Amino acid sequence: MSTIDPRITDVLSRTFKVPVAEILPGSTMDSLDMDSLAAAEFAVVLREATGVELDTGTPARGTTLAELTAHLHAAVGTAR
């Protein structure tokens with residue numbers, strides 16, 4: 001997958017003040033300088049934004065944003 005769900009970009013840029021230019025499909029929590037606590041908070045905020053229940057371990061520090069997008073889309077597909 002070569003795109004990022006716009007809700008991920010929105011949460012990262014608005015809530016965590018990550019510059020949009022750094023939010024790339026291959027970006028990880030590590031590459032965005034987000035520690036494990038920030039990654040867990042990201043999971044909570046993203047759940048609030050999407051309605052998709054994410055395990056706080058889903059956005060693991062090595063998970064790419066493209067992988068996270070695929071996870072979100074799969075979860076939405078199974079919730080229908």
Side-chain angles (χ1 to χ4, degrees):
M1 175 165 292
S2 61
T3 61
I4 301 171
D5 188 292
R7 296 168 292 187
I8 293 173
T9 301
D10 187 59
V11 168
L12 287 171
S13 64
R14 290 178 188 245
T15 305
F16 294 94
K17 307 300 183 211
V18 175
V20 173
E22 294 179 19
I23 303 172
L24 305 170
S27 297
T28 63
M29 297 293 113
D30 271 344
S31 71
L32 297 174
D33 293 326
M34 294 178 70
D35 61 19
S36 57
L37 180 59
E41 183 180 352
F42 173 69
V44 171
V45 175
L46 192 60
R47 181 192 71 223
E48 292 170 355
T50 64
V52 174
E53 187 70 37
L54 292 177
D55 179 325
T56 55
T58 298
R61 294 178 65 198
T63 302
T64 67
L65 298 181
E67 292 168 335
L68 185 55
T69 294
H71 178 81
L72 274 179
H73 292 180
V76 169
T78 58
R80 292 181 185 172

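Since the structure is predicted, the reported quantities are computational estimates derived from the model, not experimental observations.
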Checklist outcome for this item: d(Asp30 CG, Thr63 OG1) to nearest 0.5 Å is 10.0 Å

Item to check | Straight-line distance of Ile23 CD1 to Thr9 OG1, nearest 0.5 Å | outcome: 5.0 Å

Checklist entry - Taking it one step at a time, do Leu46 and Ile8 satisfy side chain to side chain contact (heavy atoms under 4.5 Å, CB included)? => result CA-CA 7 Å; Leu46 192 60; Ile8 293 173; 4.1 Å; yes

Where [X] and [Y] come nearest, the two heavy atoms and their spacing:
X     : Y     : value
Ala49 : Val11 : CB-CG2, 4.0 Å
Ser13 : Val20 : CB-CG2, 3.9 Å
Asp5  : Thr69 : N-OG1, 2.9 Å

Next on the checklist: Is there a path of hydrophobic side-chain contacts, each under 4.5 Å between heavy atoms, that joins Leu72 and Phe16?
Outcome noted: yes

Item to check | Cluster link Val45 to Val52, ILVMFWY, side chain under 4.5 Å | outcome: yes

Side chains of [X] and [Y] in contact at under 4.5 Å (non-hydrogen atoms):
X     : Y     : value
Leu32 : Phe42 : no
Met34 : Leu12 : yes
Leu65 : Met29 : yes

Item to check | Set of side-chain hydrogen bond (donor to acceptor under 3.5 Å, both in side chains) partners for Thr64, sequence neighbours left out | outcome: Glu67

Checklist outcome for this item: Taken in chain and number order and not counting sequence neighbours, the residues that satisfy side-chain hydrogen bond (donor to acceptor under 3.5 Å, both in side chains) with Arg14 are Asp10

Checklist entry - Are the side chain of Ser27 and the backbone of Glu22 linked by a donor-acceptor contact shorter than 3.5 Å? => result yes

Item to check | Under the salt bridge (charged side-chain N to carboxylate O under 4.0 Å, His left out) test, residues paired with Asp35 that sit two or more places apart | outcome: none

